[in-house]
Trainee: 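I am attaching a structure below and will ask some questions about it afterwards.
We use all heavy atoms of the structure for the numbers below, so side chains are in, but hydrogens, waters and symmetry mates are not. Sequence lines set the chain letters: A, B, ... in the order given, protein chains first and strands last, and positions in each chain run from 1.
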Amino acid sequence: MVLKIFFPTCCNTADSGLLIGRWIPGQDSAVVLAVIHYPFIPGQVKKYLSETQNQSQVDLAVLGSWSLPKDGQEGMDSFLKDLSTIFPNSRWLQLSREIGKRGFACQVVHNRITPPDPAQGGTDKKDQIIFIHYDQRKVMLSQLHPIHEESPGEESSELRAVFHTVAQSGPLFLLDRYDEGPLKLTHWQSEGREASIVVELSKQASVPLCIVLTWLVSLWQSKCFRSYSPGLFFRTSVKMSTCVQTAYRTNHFQTVFSTKKATSHMEFMRKANIFVSFLVDMSLGLLLVSWLYRENHISQLANTLVPVADHVAKELQELLEWLMGAPAGLKMNRALDQVLGRFFLYHIHLWISYIRLMSPFIEMILWYVGLSACLGLTFALSVLSDIVALLTFHIYCFYVYGARLYCLKVYGLSSLWRLFCGKKWNVLRQRVDSCSYDLDQLFIGTLLFTILLFLLPTTALYYLVFTLLRLVVVMFQGVIHLAIDLINSFPLFAMGLRLCRSYRLAEGVKFRVLCEEPGTPLHLMMEINPLKCSSVLQRYRTPTYSCYPRDSWVDLCKKLFMGELIYPWKHKTTKTD
Amino acid sequence: MAEKNEFTDINGKAILLDCQNYSSFCREFTVSSPKVSLCKVIVCTCSVWLFAYAVFFVTENTAVLSSAIIITLVGMMMHIHLVKVEHETLLIIGSLGVQLSTSYASGRESTTFIEMSRIKDIVINEAVYMQSIIYYLCILIKDSGDPNGIASVVPLFQSSKPRLNCLVQVYKSCQAIIAQTR
C-alpha cells in the first residue's frame with residue numbers, strides 16, 4: 001500500500017520533535033499540522049491536544065517523530081523510538097532528514113494492537129511512501145469548488161478532507177514562539193502572529209454600527225410601505241425603475257448590515273460582494289455628481305433639454321403631415337387620414353405647450369434630481385431611464401392609441417370574415433362553429449367587413465410608424481437597464497480576490513515532482529489551481545431582478561401583428577395587492 | 001530515467017513521446033507537437049498584407065494598412081496563446097490520482113487533477129471521424145449514484161492525437177500502476 005504524508009513546507013527546517021496531525025479515516029494518508037519540540041512533558045502534550053481537539057473539532061493525534069539532527073544532538077534515535085510506547089497508535093512514523101540532503105527518510109513502525117488480519121496475508125508488506133508538501137497558510141485560507149456543505153466525517157474525497165482538516169485547525173496555530181508556555185510548536189504562524197490594528201478596530205466598531213444601520217433600514221422600510229396608500233402607489237411604483245432599484249438596494253442593506261455573522265463561505269462572499277459593489281456604486285455616483293455640479297453643466301443640460309424636446313415634437317409633426325399626404329406613394333383614405341392626423345397633431349400641440357410651461361422650472365428640477373446621484377450610479381441611471389420615459393410619454397400614448405385601433409380593426413375583421421364564411425366563434429366551447437345567419441345580418445356584416453378592410457391600410461400604417469418609434473425608445477431604456485443590471489450583479493469582491501489572492505478560490509490542486517535522490521521516497525509539491533475567471537463570474541453573480549423580455553422573439557412578432565400591447569420590461573416583483 | 005520516442009499523429013505529422021519514470025508508481029508522459037512552422041507564418045502574413053494593399057489601392061485610406069498590421073499582430077498573439085499547443089502531459093501517481101496538463105506556445109499552462117477515487121478506469125476508445133476510425137485514450141469517471149455507471153469520459157492528448165502504437169505504450173504503463181496500487 002502506498003502511504004501519503006501531507007507535510008507543511010514551514011516544518012521543513014524545524015528542530016526535532018513530535019509530529020502532530022490527523023490520520024484521514026478510510027484512506028492511507030496523514031496530514032501533519034505542527035511539530036512540538038523538545039523538551040516537553042508527555043502529559044502536557046496530551047492535555048494540550050485534548051484541549052485543542054475540543055476547540056477545533058478535529059481529531060488530532062501524535063503521528064510520530066521528526067528528527068533533524070543538529071550539532072550536539074546525537075543519540076536521539078533510540079529516544080525517539082521509545083516515544084512510540086507513550087503515544088499509542090496503530091502506526092508510528094519516524095521521519096528524519098539530514099542537513100544538506102533534500103530528501104526525507106521515513107520508517108513506519110506498526111503497533112499491532114489487534115492481531116493482523118489473516119485474509120491480508122499476515123506479514124507487513126514494505127510500505128511505499130509519498131511526501132506531499134503543501135503551503136499551510138494557503139491551504140488553510142483556500143476554499144475548494146464546487147462547494148459541498150458536508151460534515152467532516154463523510155468526506156469521500158481525500159483532498160477535501162485535507163483542506164477541511166487544515167482549515168478547521170485554527171486553534172492549533174495560535175501558539176507562537178513568543179508565548180510563554182510549556183510547549184514550543186512550529187507551524188505557519190510560529191514565527192509570530194500578524195494582526196493589523198485597523199482590522200481589529202473596524203471589527204470592534206462594526207457591531208454597533210451594524211445594529212444602528214439595521215434599525216435605520218427597518219425604519220425606512222416600515223415608513224415606505226405603511227404611510228403611503230397601497231394600490232395606486234404600487235401600480236405606479238412597479239412601473240418606475242427608480243422605485244424598483246430602491247427596493248432592491250434596501251433588500252441588500254438588510255443582508256449586509258445584519259448583525260449575524262456569516263457562517264458559510266457563500267454567505268460571506270455574498271455579503272462582501274454586495275458591500276463592495278455598493279461602495280463602488282456610491283463612489284461612481286459621487287464622481288458623476290462632482291462632474292455635474294462643476295462648470296455649470298446642469299444649466300447647460302437644462303438649456304439643451306427644451307430645444308431637444310421641441311425638435312422631437314417638430315419632427316413628429318412633420319412625420320404626421322407626411323402621413324396625412326401620400327406617404328411612400330400609397331393612397332390613404334382621405335377622411336380617416338385627416339381625422340387621425342389632426343387628433344395626433346393636437347396631442348403634440350398640447351405636449352409642446354406643456355414643455356414650454358415647464359421650461360423655467362427645468363433647471364431647478366434637474367439640480368435637485370442630480371443630487372440623487374449621490375445615492376449611487378445605478379440610482380442616477382434609473383432616474384435617467386424614468387426621465388426618458390416621462391419625456392417620451394406622448395410617443396407611448398400614440399403607440400397605445402394606434403395599437404388599440406389596429407387591434408379593434410383586426411378583431412373586427414377576423415370576426416366578420418367568419419361571418420362571411422358562414423361560421424361563428426363559440427365562446428362556450430372556445431372553437432369555431434358553423435352558423436346560419438339571417439339575410440339582414442349577412443348584409444350588414446358584409447358591409448362592415450368591406451368598410452373595415454378598405455380602412456385597414458391607413459390604420460396599419462399609423463400603427464407601424466408609432467410602434468417603430470416606441471421600440472426605439474424601449475431599446476434605449478433597455479440599454480440603460482442592462483448597464484444597471486451589470487453594476488448590480490457583477491461580483492467585484494470575488495473577482496478582486498481571484499486576481500489578487502488567487503489561492504483563496506481553488507478549483508483543484510496541481511502536483512509537481514520535486515527532484516529527489518534515488519533511494520528516498522517520492523516528494524511532490526502540491527499547489528493550488530485557482531478558479532477560472534468565467535467560473536468566478538458564474539458562481540458569485542448576485543441575483544438581480546430580471547429585466548430581460550419575458551416573451552421570445554416569435555411571441556413578440558405575433559403580438560405585434562395582432563396589435564396587442566407589449567410590456568417588455570416587466571420586473572419580477574412580489575405581489576402586493 | 002527518461003525515454004524519448006518518435007511517433008506520428010493521425011494526420012501523419014511527427015510527434016515526440018517522452019516517458020519519465022520517477023518511481024515504481026509515479027510516471028509522467030509528455031507528448032510534444034511540432035512547433036509553428038515559419039513557412040505558414042510567412043504565407044499568412046504576406047497574404048493578409050497583400051489583401052490590405054489591394055484594398056488601400058482601391059480606397060486610398062491609410063487606416064486599412066494600420067488595421068491590417070494590428071489584426072496580424074493580435075491574431076498571431078491569440079493563436080500562440082489560445083490555440084497552439086506545445087506539450088500535453090499526463091502525470092500518473094499511484095493511489096493519488098492523474099494530472100493532465102496542457103502547455104501552450106506562449107507558456108500558458110492549464111492543469112486539471114483527477115483523484116484516484118473518482119477514476120473508474122483508463123481505456124483506449126474508438127471513434128468514427130468522417131471516413132476514418134481513430135483511437136484515443138480516455139479516463140472513465142465514476143458515477144456517484146450508480147456504482148457500475150460512468151458519469152463522464154475525459155479524453156487525453158486531444159490536440160496531439162497520437163496513433164495507436166503510442167497510445168498502447170502509455171496505456172500499458174498506466175494499467176500497470178493502477179493495478180499495482182488499487
Trainee: How about A:R501: does its CZ atom have over 12 heavy atoms from other parts shown lying under 6.0 Å from it?
Mentor: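 It does not: A:R501 CZ has 12 such atoms or fewer within range.
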Trainee: Less than 4.5 Å to any heavy atom of chain B: does that hold for the side chain of A:K510, its backbone, both, or neither?
Mentor: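 Contact with chain B is through both the backbone and side chain of A:K510.
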Trainee: Does a sphere of radius 6.0 Å around CD in B:E6 hold more than 12 heavy atoms from other residues, nucleotides or ligands, not counting ones at 6.0 Å or beyond?
Mentor: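 Not more than 12 within 6.0 Å, no.
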Trainee: For chain A, which candidate among B:T112, B:I93, B:T181 shows the most heavy-atom pairs at distances under 4.5 Å?
Mentor: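 Answer, by heavy-atom pair count under 4.5 Å with chain A: B:I93.
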Trainee: Taking side chain as everything from C-beta outward and backbone as N, CA, C, O, which of these in B:S24 sits under 4.5 Å from a heavy atom of chain A? Side chain, backbone, both or neither.
Mentor: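 For B:S24, the contact with chain A is made by the side chain alone.
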Trainee: Less than 4.5 Å to any heavy atom of chain A: does that hold for the side chain of B:S117, its backbone, both, or neither?
Mentor: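 Side chain only.
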Trainee: For the residue pair B:F157 and B:D9, establish whether any side-chain heavy-atom pair is separated by less than 4.5 Å.
Mentor: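 A side-chain contact is absent here, since even the closest heavy-atom pair is not under 4.5 Å.
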Trainee: With heavy-atom distances below 4.5 Å as the criterion, would you say the side chains of A:F7 and A:H523 are in contact?
Mentor: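 Sidechains of A:H523 and A:F7: no contact.
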Trainee: Let's test your reading of the structure: which of B:E28, B:R118, B:Q99, B:M116 forms the most heavy-atom pairs below 4.5 Å with chain A?
Mentor: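 Looking at each of B:E28, B:R118, B:Q99, B:M116 in turn, B:Q99 comes out on top.
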Trainee: Check A:K4 with A:D28, please: is the shortest side-chain N to carboxylate O separation under 4.0 Å?
Mentor: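 So A:D28 does not pair with A:K4 through a salt bridge.
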